2 protein chains.
Amino acid sequence: MVRPRLKDVAELAGVSIKTVSNVVNDYPHVSDETRARVEAAIAELSYRPNLSARSLRAGRSGVVALAVPDLDNPYFAELATNVIEAADRRGWTVLIDQTQGDRAKERVVISGIRDHLIDGLLFSPLALTGKDLAGRDERTPMVLLGERIGTGRSPYDHVGIDNVAAARAATLHLAERGGRRIAAIGVQRTAAAATGRLRLKGYQQALAEAGVPADPSLVAPVARWGRADGAEAMSRLLDAGAPDAVFCFNDTLALGALRTLLKRGYAVPGEVMVMGFDDIQDGRFATPTLSTVAPDKALIAQSAVDLLAERLSGGTGRAHEVCAPHRLAFRESTDVPGEGHSRTLN
Amino acid sequence: MVRPRLKDVAELAGVSIKTVSNVVNDYPHVSDETRARVEAAIAELSYRPNLSARSLRAGRSGVVALAVPDLDNPYFAELATNVIEAADRRGWTVLIDQTQGDRAKERVVISGIRDHLIDGLLFSPLALTGKDLAGRDERTPMVLLGERIGTGRSPYDHVGIDNVAAARAATLHLAERGGRRIAAIGVQRTAAAATGRLRLKGYQQALAEAGVPADPSLVAPVARWGRADGAEAMSRLLDAGAPDAVFCFNDTLALGALRTLLKRGYAVPGEVMVMGFDDIQDGRFATPTLSTVAPDKALIAQSAVDLLAERLSGGTGRAHEVCAPHRLAFRESTDVPGEGHSRTLN
DNA sequence: TACCTGGTTTACAACGATGTAACGAACTGG
DNA sequence: CCAGTTCGTTACATCGTTGTAAACCAGGTA
């Protein structure tokens, strides 16, 4: 009933503990006969190695942590899926932390409390400042996902996308399709919120470039990036005078905005075009389907895992910066009939 | 640079290893002066206990595994969120396994390969059979989520909902609202797929009860329960002669079906009503908003964690069966104007 | 002074696995 | 026939932590 140890197997097979260990670890110099006897004993007791003991001995656990704000958010859920798959390919197990984008919780994550349980950390922070990061003791390798934090050169590997360029391209698309009053939903008042700032920057660049007037009243702030926030922000925008296009800083905001528009009787894309960011599954099945910026999530996850693997195998060079590619997915929500051909990509 | 151990702290503080351990573990009989010295040393070296060593010693790791088919599916993502929160309240960390609903992977999960890393397992299987379960050696406590597996009395605690009753209520609602050709999307041909069978049963019961003819051609099978499957199944149904209502066995199927309906020009709920199951966030922001069966996910997660905790603290009684409550959320997708008052709950 | 009491601290042995070094036995070659 | 090699196996120490039991040191009591 109690879990068998190497010792139990050894006694049953009539060999030493180490020989059993050797069989378990495929050590080559074990005679066929001994190996067979040991394997039989292992099967009989259904022995499983104790991973805690192994980690202790090896100094490795085979577990990496993924810290994200919230799995409720489909973007992070999809990212987590990809991370788990990539980790699986390396034989790693993924342990998930939810920070709720809360600075205190994010600090706990980097504090190293779990450092001895995990071999590495994949971290997608929202509220952390450069100072928080600087205070970290760097014993457990960490790869940052999403936005770069702080200004100076960070000692941490980082995987992200070019938010400014992506937002710029998305906004330009709206302008090309005839948007003259292009709103933006997603700026946040908090000090951290780097991603929002970058996307705002891209949005502003695009307006300037396209010669579309930048109206500050068309920039709608939100508390968080959920559907409800998008819906509410859209409501405010409409009350203040309807825009003819909206660039939302992520897809859940966009789906919320879309909901408000349709509920209040606006035709999308006829009267108002909507563009999102992230390419979550929901957007492909919304009506109208949601145009969006599609970052390569699989590549982001794979790169992050690869970077971590490199650090784990002793890589000590300076921090790597990976900028994952993105593409624009033009779907129905920006597909104005008669305005040029539809460049729907999928 | 290397991680400090108790020994290093002890040397710096000029005390024994055990005293440091006592300080770390809040053992009461340590003099204030010693405690202060030790704490200073801990801070100076920024010592963190090695959790692998602790687990080895304690026989506990503080880690539980949650095995679900796929975090991409919002239902499981939301469930995972709740589980992580509930586990957090007990000081546990959650490690996530994705099985893809694949029987081979599900068998690996129960095989106990990780038994020594985790204290317990929360498992939401899709493809597993009673036989697979019976072969498990029961050393690590496991709580099953979702459908009951096999026919006989299972030795495992289980948390689920009354699928038959829920599906029946959902279908009755469609009938009350005037549905006469009520379709169902979600039966699967695979042997496992117990959940689908139960929901089908509830659907059929409701039809009989409401005196609505049961037309087998209105029951649309699908391969999986994703949005694309729902969209495709709806397409087939429409081709064969449009129903006036559809009960989808989960919300992603429903969102897919909704997409097809709107794309092909059907008014929802005017011409076809749509009902889902799960109450995922997306449904609340779809247009029209999606009526659905809302299981109490927080309670499911909490119960599962509680049951596991009980087993971990030595509880050995017979298996518990928890049937979590559900309610119906009536939203726009079944809200036929003029057909009685609208019982929208949220 | 000798003894007890109770708080404080310590040495030691586990927890289960694996790397190291060393052992005996069976070969090889000179 | 013996030194040298290879193969299979083993004893031992170790990873970092904590429970146990015992040692130590006051202060109080007899």
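Residue numbers begin at 1 in each chain, while the letters A, B, ... track the order of the sequences. All heavy atoms count here, side chains included; hydrogens, waters and symmetry mates do not. Small disclaimer: the values here were computed from a predicted structure and weren't measured.
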(message) We want to know whether B/D306 and B/S303 form a side-chain donor-acceptor pair, criterion being a heavy-atom distance below 3.5 angstrom.
(response) no
(request) Remember a base hit wins even if backbone is also touched, and classify B/Y27 as base, sugar-phosphate or nothing at under 4.0 Å, heavy atoms. (result) base
(request) For B/S16 and B/T19, test the side chains for any donor-to-acceptor distance below 3.5 angstrom and give the result as yes or no. (result) yes
(request) Tell me which nucleotide among C/dA17, D/dG8, C/dG16 gets nearest to the side chain of A/S31. (result) D/dG8
(request) For A/R35 and D/dG8, give me the distance from atom CZ to atom P, rounded to whole Å. (result) 10 Å
(message) Ignoring hydrogens and geometry beyond distance, is the side chain of B/R5 in donor-acceptor contact with the base of D/dT17 at under 3.5 Å?
(response) no
(request) Using atom CG of B/L51 as one end and atom C1' of D/dT18 as the other, report the distance to the nearest whole Å. (result) 14 Å
(message) Under 3.5 Å, is there a donor on one side chain and an acceptor on the other for B/T129 and B/D132?
(response) yes
(message) Using the side-chain heavy atoms of B/T19, tell me which of these nucleotides is nearest: D/dT10, C/dT9, D/dT17.
(response) C/dT9
(message) Determine whether the aromatic ring centres of residues B/Y156 and B/H158 are separated by less than 6.0 angstrom.
(response) no
(request) Whole angstrom is fine here: how far is it from NE2 in A/H29 over to P in D/dT10? (result) 16 Å
(request) Using a heavy-atom cut-off of under 4.0 Å over every strand shown, decide if A/V24 touches base, sugar-phosphate, or nothing. (result) nothing
(message) Please pick, from D/dA11, C/dT10, C/dG16, the nucleotide with the shortest atom-to-atom distance to any side-chain atom of A/K18.
(response) D/dA11
(request) For B/T34, report the nucleic acid contact type (base, sugar-phosphate, nothing); a contact means any heavy atom under 4.0 Å. (result) sugar-phosphate
(message) Measuring from the side chain of B/R57 (C-beta onward, heavy atoms only), which nucleotide among C/dA17, C/dA13, D/dT10 has the closest atom?
(response) C/dA13
(message) Tell me if the side-chain of A/K7 makes a donor-acceptor pair with the base of C/dG16, cut-off 3.5 Å, by modelled atom types.
(response) no
(request) Give the nucleotide from the list D/dG16, C/dA17, D/dA11 with an atom nearest to the side chain of A/S16. (result) D/dA11
(message) Please classify the nucleic acid contact of B/N22 as base, sugar-phosphate, or nothing, using heavy-atom distances under 4.0 Å.
(response) base
(request) Might you confirm whether atom CZ of A/R318 has over 12 heavy atoms from other residues, nucleotides or ligands at distances under 6.0 Å? (result) no
(request) Send over the distance from B/I17 CD1 to C/dT9 P, rounded to a whole Å. (result) 16 Å
(message) Closest approach to the side chain of B/R54, judged atom by atom: which nucleotide of D/dT17, C/dT9, D/dA11 is it?
(response) D/dT17
(message) What is the distance, to the nearest angstrom, from the CG atom on B/D26 to the P atom on D/dT18?
(response) 11 Å
